[in-house]
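Residues take their numbers from the sequence shown, with the count starting at 1. Note that the structure is a prediction, hence the values are computed from the model and not measured. Quick note: numbers below take in every heavy atom, side chains included, and nothing from hydrogens, waters or symmetry partners. Remember, it's 1-based here, ligands and their atoms both numbered in the order they're listed.
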Amino acid sequence: MKIAVAGTGYVGLVTGACLASKGHSVVCVDVDENKIKRLRAGDPVIFEKGLGELLQECAQAGTLSFTTDFRSAYKDANAILIGVGTPDKKDGSVNLSYINSVADQIAESVEQDCLLIIKSTVPIGTSDRIEARITSALKHPVKVELASNPEFLAQGSAVENTLHPNRIILGVKSDFAEKVLREIYSDFDAPVIVVKRHSAEMIKYASNDFLALKISYVNEIANLCEITGADIDEVTKGMGLDPRIGKSFLKAGTGYGGSCFPKDTKALHWLSNIHGHELKTVRAAIDVNESQKLVLIKKAHGFYENFKDVNIAVLGLTFKPGTDDLRESPSLSCIPYLLDDEAKIKAWDPVGEENFRKIYPSEITYCQTIGETLDGADICFIFTEWLEIVNMDVSEFTKRMKRPLILDGRNCFELKNMRGKGATYISIGRAAIKG
Ligand SMILES: NC(=O)c1ccc[n+]([C@@H]2O[C@H](COP(=O)([O-])OP(=O)(O)OC[C@H]3O[C@@H](n4cnc5c(N)ncnc54)[C@H](O)[C@@H]3O)[C@@H](O)[C@H]2O)c1
């Protein structure tokens, strides 16, 4: 099938490449000329496991191309997937300007009947509104219909999740839309759920917000564990064996980040409010997360009144391992605070440095190794559980740091491995180890 994909971000690019690898003829469109230039040259632009190889495979097969020329890409596509960003506005509502602008470009370009498929996360009712917007602005006498096909990939395992999804949600209003979508996914082995468009849009928010709630709940329990002398790792082990609860998303830490949970919780909360039906559980998840992002700073204040001239090592900048994405990362909540206090910061991240440099080009010293980052440090903050950190030799902390105080926001190390090492080790929801 001839497919155009609008947006070459984490969703659009990975989806485009995966569909092309299944033999569809895919053209990915973006307004960012530099991105398209790099993609054409074989540079995956974003860091995602397996993406580079997949792009190479598709380039050799000739099934995937990239362009900024949306007219040529959209005019004769059988299906157009929309994967542009839907960031939050200040009030928590969704900024639909990118979706609206793609809709206008599609209306002006399509020259044959086609199905438009929204993969972006959008408020309930958006498919209806975009369909009406496009239909009223069509330049050629063709029929377009909207479908909602939310995306559930997780950054860090986006290619694997897209090739092997745990479910495919088809939000449709006609047999035609279902038929086109089933053809697109004919080579994917996953349960297909056909629902109405509003339900598909809600499934995405309800799923993400549930996971955010689960994380915030565990983080609150972890904080209570610290006060009461329980250990969150033991508690979640005991909880997770209950199949009604499950083991995933039970890891305590310094809060969720990324491009999805923070904005999707705010969006659903905003939407519930305007319908006069506030989702109080979601509000609680948002509030808990906001304060959890600063929990390491609060813990550090137990040792330092302020951080002026304190040497700080930061291990991990991205919101989770496996991605170069910094959006809403806890590191971005804490580092400005430390900089305001005139701390001296050295940081290490295996892939996040380039993006972090765009925000802090000179305020931070970027290091190539964990060891170099720790040299002479008074405090070490851990924001991301990169494997390089989890597997490091923990004696490095005492060997290299001046006054080893480790504030681990991701519980990277087992307590038994941190005892007797001469370092003060503070993690989340577990006993503090005094050095
Ligand atoms: N990132 C994730 O893990 C993830 C997972 C599931 C769903 N989603 C949802 O998918 C959507 C996209 O997220 P993302 O992280 O891939 O976004 P992103 O910010 O990484 O990428 C969006 C891309 O769209 C491009 N764009 C903007 N306007 C355009 C236009 N008119 N035509 C073509 N391209 C245009 C931008 O230049 C950018 O490259 C969001 O709604 C998000 O909530 C994201």
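Between F152 and ligand 1, no pair of N/O atoms sits closer than 3.5 Å. In terms of polar-atom proximity, Q155 is counted as a contact of ligand 1, with an N or O under 3.5 Å from an N or O of the ligand. Residue K35 has at least one N or O atom closer than 3.5 Å to an N or O atom of ligand 1. Residue T121 has at least one nitrogen or oxygen atom sitting less than 3.5 Å from a nitrogen or oxygen atom of ligand 1, judged on distance alone. In terms of N/O distances under 3.5 Å, ligand 1 is approached by D30.
Residue F210 qualifies as open at atom CZ: its count of foreign heavy atoms under 6.0 Å is 12 or below.
If you look at R327 next to ligand 1, the close heavy atoms, those under 4.0 Å, all belong to the side chain. Under 4.0 Å from ligand 1, the heavy atoms of C260 that appear belong solely to its side chain. Under 4.0 Å from ligand 1, the heavy atoms of S259 that appear belong solely to its side chain.
Less than 4.0 angstrom separates some heavy atom of K263 from each of these atoms of ligand 1: 42 (C), 43 (O). Listed by number with element, the atoms of ligand 1 under 4.0 angstrom from any heavy atom of K204 are 6 (C), 7 (C). Which parts of ligand 1 touch V11 is read off a 4.0 Å heavy-atom cut-off, strictly below it: atoms 4 (C), 5 (C), 6 (C), 7 (C), 8 (N), 10 (O), 16 (O), 44 (C). Residue contact check: L153 has heavy atoms under 4.0 Å from atoms 3 (O), 5 (C) of ligand 1. Ligand 1 places these atoms under 4.0 Å from at least one heavy atom of Q105: 30 (C), 31 (N), 32 (N). Less than 4.0 angstrom separates some heavy atom of S101 from each of these atoms of ligand 1: 31 (N). The contact set between ligand 1 and V31, taken as ligand atoms under 4.0 Å from a residue heavy atom, comprises 26 (N), 27 (C), 28 (N), 29 (C), 30 (C), 31 (N), 32 (N), 33 (C), 34 (N), 35 (C), 37 (O). Less than 4.0 angstrom separates some heavy atom of T86 from each of these atoms of ligand 1: 40 (C), 41 (O), 43 (O).
The closest protein non-hydrogen atom to atom 29 (C) of ligand 1 is V84 CG1, 3.6 Å. Of all protein heavy atoms, the one closest to atom 22 (C) of ligand 1 is G85 N, 3.7 Å. The closest protein non-hydrogen atom to atom 6 (C) of ligand 1 is E151 O, 3.2 Å. Among protein heavy atoms, atom 14 (P) of ligand 1 sits closest to Y10 N, 4.0 Å. Of the protein's non-hydrogen atoms, G7 CA, 3.5 Å is the one closest to atom 24 (O) of ligand 1.
Side chain of T323 to backbone of D325: a donor-acceptor contact under 3.5 angstrom is found. Without hydrogens or angle criteria, R38 side chain to D43 main chain gives no donor-acceptor distance under 3.5 Å.
For the 3.5 Å distance criterion, the side chains of D128 and H198 qualify, holding a donor opposite an acceptor. In this model, a donor atom of one side chain and an acceptor atom of the other lie less than 3.5 Å apart for S207 and R167. The closest side-chain donor-acceptor pair between K358 and N355 falls under 3.5 angstrom. No donor-acceptor contact under 3.5 angstrom links the side chains of S427 and D408, judged on distance only. Of the N and O atoms on the side chains of N95 and S97, at least one donor lies less than 3.5 Å from an acceptor on the other residue.
With F152 as the fixed residue, the side chain to side chain contact (heavy atoms under 4.5 Å, CB included) test singles out one of I168, I169, T162, N161: I169. Of the candidates N219, N411, L294, V295, T254 forms a side chain to side chain contact (heavy atoms under 4.5 Å, CB included) with just one, namely V295.
Between R182 and E178 there is a salt bridge, with a side-chain nitrogen of the basic residue lying less than 4.0 Å from a carboxylate oxygen of the acidic one.
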Donor-acceptor contacts, no H, no angles, side chain residues 183-192, under 3.5 Å, sequence neighbours left out:
unit_1	atom_1	unit_2	atom_2	d
Y185	OH	K119	NZ	3.0
Y185	OH	N149	OD1	2.6
S186	OG	E183	O	3.0

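When the options G258, S207, G9 are ranked by their closest heavy atom to atom 21 (O) of ligand 1, first place goes to G9.
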Margin query: Could you go through I99 and L96, starting from their C-alpha distance and side-chain angles, then the distance that decides it, and tell me whether this counts as side chain to side chain contact (heavy atoms under 4.5 Å, CB included)?
Written below: CA-CA 5 Å; I99 294 274; L96 286 171; 4.0 Å; yes
